[in-house]
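Computed from a predicted structure; not experimentally measured.
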Amino acid sequence: MSSTTAIGIDIGGTGIKGAVVDLSTGTLLSDRVKLPTPKGGRPQDIIETTRQLLATVSAGSGDVPIGVCFPAVVKHGHTMSAANVSDKWIGLAAEKLFEKGLGVPIHFVNDADAAGYAEATFGAAKGVDGVVLLTTLGTGIGTALINDGALVPNTEFGHLEIDGVDYETRAAFSAKERDNLSWEKWASRLQKYYAKLESLFTPDLFIVGGGVSKHHENFLPLLHLDTRIIPAVHRNNAGILGAAALAVKHAPVTA
């Protein structure tokens, strides 16, 4: 396969999914394979499930770059936090552990950063100048900051403190479900969140991802911001696409 082909794997709290990606078009060249995240989210269990998934996805793909995205702050290959997986990930040399378990080199990145990079490369932020803030509304709030197409990694703006609380506990989609909120009541919480982001960063564009973004017509029109706010394009495939694209971007140059 060509150098515009890579494998992306997206590890989440409930599922691990992956596919072969055509990076010239931002489309999947294989079926998207998904396996359930092992209960407890422990490192060796997740690495083993990822190994099983990779064996299926990589069949017939040859030697291509592999990107893995993960729900944690990733610094120099180490997971410095853990969202919806075991606390045993905190401080681990996770990239090396994955490479040992999978038997191949990988590029390892935060999941929201991968989604943001996918939107900047293939989606709603492609060709957008200035500051773009992507937010993923799910169990928590993931964020990715893009400036003139360049990713600024490991932003954790879902954890902004507003009204004395970590505001993802109020504004994530899980909070809407937990508190049985109408779209209107949830939008009032989102309004407070996005207005705070707007005051801090003066972005040129907000992009809203996560599974709930497919229902964007129910809540985005209820927000009143100076910044344009639009749904993400790639939603469930964004992590796969971004991880694959970053793997190629960071692949060693061979003579």
Side-chain angles (χ1 to χ4, degrees), residues 1-12 15-35 37 43 46-79 89 92-123 125-126 134 136 142 144 146 149-154 209 232-255:
M1 292 199 178
S2 73
S3 60
T4 59
T5 303
I7 291 171
I9 297 174
D10 182 358
I11 296 171
I16 299 174
K17 54 199 177 188
V20 182
V21 177
D22 181 346
L23 295 172
S24 63
T25 59
T27 56
L28 303 188
L29 289 173
S30 71
D31 290 337
R32 187 179 72 175
V33 178
K34 184 174 183 179
L35 297 174
T37 302
I46 283 182
I47 289 169
E48 173 57 24
T49 301
T50 304
R51 189 192 65 76
Q52 294 170 20
L53 182 143
L54 179 61
T56 302
V57 169
S58 63
S61 65
D63 185 15
V64 298
I66 298 167
V68 177
C69 67
F70 192 85
V73 169
V74 175
K75 197 165 181 67
H76 306 302
H78 289 66
T79 40
W89 286 97
L92 276 188
E95 186 171 53
K96 287 183 178 177
L97 284 175
F98 272 103
E99 289 183 335
K100 183 179 178 182
L102 302 178
V104 289
I106 66 164
H107 181 69
F108 193 60
V109 64
N110 170 267
D111 56 352
D113 284 344
Y117 193 75
E119 292 295 328
T121 307
F122 309 112
K126 185 176 181 180
L134 172 127
T136 58
I146 310 287
L151 174 68
V152 181
N154 291 319
V233 171
H234 292 291
R235 291 200 287 266
N236 284 336
N237 288 338
I240 291 171
L241 292 174
L246 285 163
V248 168
K249 178 180 172 69
H250 292 281
V253 176
T254 55

- [ ] Apply side-chain contact (heavy atoms from CB on, under 4.5 Å) to the pair L53 and I9, showing each step before the final yes or no.
- [x] CA-CA 9 Å; L53 182 143; I9 297 174; 4.0 Å; yes
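- Counting heavy atoms from C-beta on, the side chains of T49 and T37 never come closer than 4.5 Å.
- Counting heavy atoms from C-beta on, the side chains of L28 and V21 come closer than 4.5 Å.
- In this structure, C69 and D111 approach most closely via the heavy-atom pair CB-CA, 3.7 Å.
- The minimum heavy-atom distance linking H234 with L241 is given by the pair ND1-CD1, 3.4 Å.
- Residues T50 and F70 form no side-chain contact, since every pair of their non-hydrogen atoms from C-beta on lies 4.5 Å or further apart.
- Note that the CG atom of D31 and the NZ atom of K17 stand 15.0 Å from one another [nearest 0.5 Å].
- The distance from the NE2 atom of H107 to the CD1 atom of I66 is 13.0 Å, given to the nearest 0.5 Å.
- Residues A118 and G242 share a closest heavy-atom pair of CB-N, 3.6 Å.
- Annotation for V74 and N154: closest pair O-ND2, 2.7 Å, computed over non-hydrogen atoms.
- Contact of the L134 side chain with the I146 side chain is not registered, since no non-hydrogen atoms from C-beta on lie closer than 4.5 Å.
- The CG atom of L35 sits 11.0 Å away from the CD1 atom of I11 when rounded to the nearest 0.5 Å.
- Checking side-chain atoms of T79 against main-chain N and O of A94 turns up no donor-acceptor pair under 3.5 Å.
- Contact of the V109 side chain with the Y117 side chain is not registered, since no non-hydrogen atoms from C-beta on lie closer than 4.5 Å.
- Side chains of L54 and I7 form a contact here, defined as non-hydrogen atoms less than 4.5 Å apart.
- Rounding to the nearest 0.5 Å places OG1 of T5 at 5.5 Å from CG of L29.
- Ring planes of F98 and F108: tilted class, angle from 30 to 60°.
- Atom CD of residue E119 and atom CZ of residue R235 lie 9.5 Å apart, to the nearest 0.5 angstrom.
- Although no hydrogens or angles enter the test, the distance criterion places no donor-acceptor pair under 3.5 Å between the side chain of T136 and the main chain of A112.
- Residue pairs meeting the salt bridge (charged side-chain N to carboxylate O under 4.0 Å, His left out) criterion with at least one member in residues 49-59, sequence neighbours excluded: E48-R51.
- Checked by atom type and distance alone, the side chain of D22 pairs as donor or acceptor with a backbone atom of S24 at under 3.5 Å.
- A19 and R32 make their closest contact through CB-CA, 4.1 Å (heavy atoms, listed as atom of the first residue, atom of the second, distance).
- Scanning both residues, P43 and L92, for their nearest heavy atoms gives CG-CD1, 3.6 Å.
- Annotation: the span from T4 atom OG1 to L23 atom CG amounts to 6.5 Å, rounded to 0.5 Å.
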